[in-house]
Amino acid sequence: MKFLAVHPSPLMYTKVFLRLEPLGLELIAETARRYGCETQLIDLQVEPAPALFRLVEAWRPDVIAISLNYLANVPEVVDLAKACKQRLPQAFIVVGGHSASFIADELLEHGEEAIGAVLKGEGESGLPLLLEAIETDRANVHAVPGVVTTQGQGPQPTFVADLNQISPARDLLRHRNKYFLGMLDPCASIEFSRGCPWDCNFCSAWTFYGRSYRTLHPDKVVEEVQRVREPGLFIVDDVAFIQEKLGLEIGEALARKGVKKEYYLETRGDVLLRNKDVFRLWKELGMAYMFLGIEAIDSEGLERYRKRIDLSRNFEALEFARSLDINVAINIIADTDWDHERFRVVREWCKEVPEIVNISINTPYPGTEIWLTESRKLSTLDYRLFDIQHAVMPTRMPLEEFYAELVETQRIMFTKHMGWNAIRKFGKSVGRILMRGQTNFVGNLWKFDKVFNPALQLADHRMPVKYAMKPPGNGDGKRGKSLSKSLYIHQPLGRSGRQLDEASERFVDQSRGAEQVTEG
């Protein structure tokens with residue numbers, strides 16, 4: 001059986017700052033290969049759609065699996081499925097991934113029979129059973145765990161039994177030199193853990209994984225790191241190094257083997273402060289960049305997004321990150337209720353701090369609590385605008401003024417750290433990148449105005465909507481624990497689903513608030 005894995009094209013912000021290796025799709029491709037499929041992978045982030053269609057017509061795969069991690073890619077994915085089905089009617093087309101898991105029924109409706117199934121949850125677990133059903137009992141595909149079809153759906157998706165038994169098919173990815181993350185050029189991706197034990201109301205990582213948290217064995221991590229030939233490595237964990245012991249074990253094992261790369265990771269401020277020795281060690285190993293999800297610069301904002309960390313602790317974490325002498329990037333969520341003065345205050349703060357500051361727009365996504373609880377109605381049902389760079393809820397200011405303020409605020413960050421400032425500040429590093437023949441980062445240094453433009457963003461709102469989202473429910477009066485459970489893809493296993501030592505479990509519960517400790 002021939003299996004083709006497909007990744008859709010890039011989103012707006014990835015056209016300037018990053019282009020990430022499709023690690024999840026590589027894991028799916030390797031799963032199919034181990035099942036016995038002849039497997040290929042194509043990434044439309046770096047190849048045009050006609051290349052996909054030529055491959056479909058020439059190679060004639062039996063199964064086409066399209067990844068859908070980002071909601072804004074929905075129209076493209078649906079159209080790709082229809083185009084592939086038209087060219088190869090006998091092919092079975094399945095869509096999976098993070099966003100696909102939360103909108104399975106919508107995808108099938110939009111697909112108009114082109115999409116044979118949506119695979120919810122961890123694809124590495126459900127895919128072998130789905131492939132078996134496609135091969136031997138296609139009429140009962142809908143009975144497979146995690147599968148949704150127009151005929152029905154199977155039981156709840158299951159977790160991968162052992163994360164140490166799966167690996168990405170990195171060799172199938174063409175054009176590996178096209179992936180970068182800032183000055184990590186080229187850059188590969190790797191995971192040390194899956195899931196998040198926190199419950200921020202704007203995030204769907206914890207509802208997808210059922211508040212589970214699972215880790216890979218240090219030996220497996222070291223093995224995977226050694227297989228990566230790129231000098232830059234992005235650790236994709238939702239929160240890196242929650243547990244001190246694990247972070248130290250992995251780092252010390254890499255040090256013993258003499259492995260040194262440039263690392264980029266994401267973590268929380270309170271985790272950084274709790275496990276300072278871990279981050280000191282990883283600085284020595286080559287941790288060059290860190291992303292901290294600050295989200296707000298005032299207590300009101302932190303409470304709104306349920307970050308469950310004091311403002312003073314966030315700023316303390318920034319001070320410690322600065323002391324490590326690494327490049328720190330932080331994110332601030334712009335609420336659509338912001339006015340001119342609020343944007344001005346944020347801009348002034350951005351000018352004062354040394355960190356790279358990214359501004360994204362508060363966006364309720366399916367799978368998040370604010371998708372159900374947000375009292376303001378959505379101003380659009382166009383999937384394409386759900387990319388955290390468009391306002392999908394009513395703005396206090398006229399929309400054109402909101403975008404003008406947003407882009408000007410983003411430009412403050414860009415001019416501080418990109419363009420000629422990047423050449424002056426990081427000249428030696430830029431030179432090394434160019435000496436390797438890599439031009440991704442340098443080629444994007446002056447692209448900001450071509451991508452981030454208020455007029456273009458406004459024009460996006462005027463585009464005809466081919467596929468409309470289903471509006472969110474109102475939560476049916478649900479709150480707290482019952483509301484959260486209605487959003488889960490993988491049902492929570494409680495304490496047994498989190499590979500945390502007792503001290504780390506207590507730390508997580510304390511940071512979530514005493515009233516949340518009883519939740520599984």
Side-chain angles (χ1 to χ4, degrees), residues 159-167 189-199 205-206 209-228 233-293 308-309 313-314 316-317 320-321 323-324 326 328 492-512 516-517 519-520:
F159 283 116
V160 173
D162 183 359
L163 293 178
N164 297 296
Q165 298 302 312
I166 60 175
S167 293
S189 297
I190 193 169
E191 64 178 353
F192 293 179
S193 67
R194 279 191 188 178
C196 180
W198 281 275
D199 58 354
W206 63 280
Y209 288 111
R211 269 202 76 222
S212 66
Y213 177 78
R214 293 167 297 150
T215 61
L216 283 79
H217 191 278
D219 291 344
K220 172 65 173 179
V221 172
V222 173
E223 175 187 325
E224 291 295 334
V225 172
Q226 289 180 301
R227 289 179 178 175
V228 174
L233 198 52
F234 175 40
I235 302 170
V236 302
D237 300 20
D238 292 304
V239 183
F241 304 141
I242 295 175
Q243 297 187 94
E244 180 182 49
K245 180 181 178 183
L246 185 63
L248 291 174
E249 286 180 349
I250 295 172
E252 290 166 354
L254 289 170
R256 285 193 298 270
K257 291 184 176 293
V259 177
K260 191 165 186 178
K261 294 182 179 290
E262 283 191 291
Y263 297 96
Y264 191 120
L265 57 81
E266 178 177 353
T267 195
R268 289 171 53 104
D270 47 6
V271 171
L272 176 62
L273 292 175
R274 180 176 186 259
N275 298 327
K276 289 182 177 180
D277 287 343
V278 175
F279 292 94
R280 289 190 184 103
L281 171 61
W282 278 84
K283 165 61 181 177
E284 295 175 6
L285 292 172
M287 182 181 64
Y289 306 89
M290 176 189 297
F291 181 89
L292 286 175
R308 304 191 191 282
I309 179 172
R313 293 285 283 172
N314 264 342
E316 184 183 350
F320 176 67
S323 74
L324 295 176
I326 61 172
V328 178
L493 302 176
R495 177 67 181 90
S496 63
R498 292 188 284 276
Q499 294 176 353
L500 291 169
D501 56 63
E502 291 303 322
S504 296
E505 178 76 7
R506 288 194 300 271
F507 160 69
V508 170
D509 278 338
Q510 289 167 2
S511 66
R512 293 177 65 234
Q516 297 291 325
V517 174
E519 196 274 320

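Predicted, not measured: the structure shown is a model, and the values here were computed from it.
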Could you walk me through whether Leu493 and Phe159 pass the side-chain contact (heavy atoms from CB on, under 4.5 Å) test, one step at a time?
CA-CA 11 Å; Leu493 302 176; Phe159 283 116; 4.0 Å; yes

Can you list the steps and then say if Leu272 with Phe279 is a side-chain contact (heavy atoms from CB on, under 4.5 Å)?
CA-CA 7 Å; Leu272 176 62; Phe279 292 94; 3.5 Å; yes

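In summary, Glu284 and Arg280 do not engage in a salt bridge, as defined by a charged side-chain N under 4.0 Å from a carboxylate O. A salt bridge does not link Asp509 with Arg506: every distance from a Lys NZ or Arg NE/NH1/NH2 to an Asp or Glu carboxylate oxygen is 4.0 Å or more. Salt bridge Arg495/Glu502: present, at least one basic N to carboxylate O contact under 4.0 Å.
Side-chain contact check for Leu265 versus Phe234: every heavy-atom pair is 4.5 Å or farther apart. Glu191 has its side chain out of reach of Ile235: every pair of non-hydrogen atoms, C-beta onward, lies at least 4.5 Å apart. Using a 4.5 Å heavy-atom threshold, the side chains of Asp501 and Ser504 count as touching. Within the 4.5 Å cutoff, side-chain heavy atoms of Ser167 are placed close to those of Glu224. Considering only heavy atoms from C-beta on, Phe291 stays 4.5 Å or farther from Val328 through its side chain. The shortest distance between side-chain heavy atoms of Tyr263 and Leu254 falls below 4.5 Å. In this structure the side chain of Met287 reaches within 4.5 angstrom of the side chain of Leu324, judged on heavy atoms. Using a 4.5 Å cut-off on side-chain heavy atoms (C-beta onward), Ile250 and Phe192 make contact.
Judged by the 6.0 Å distance and 45° axis criteria, Arg274 is positioned over the aromatic ring of Phe507. Under a cutoff of 6.0 Å and an axis angle of 45°, Arg268 and Trp198 form a cation-pi pair.
At most 12 heavy atoms of other shown residues, nucleotides or ligands fall within 6.0 angstrom of atom NZ in Lys245.
The main-chain N or O of Arg211 is found under 3.5 Å from a side-chain atom of Arg498 such that the two form a donor-acceptor pair.
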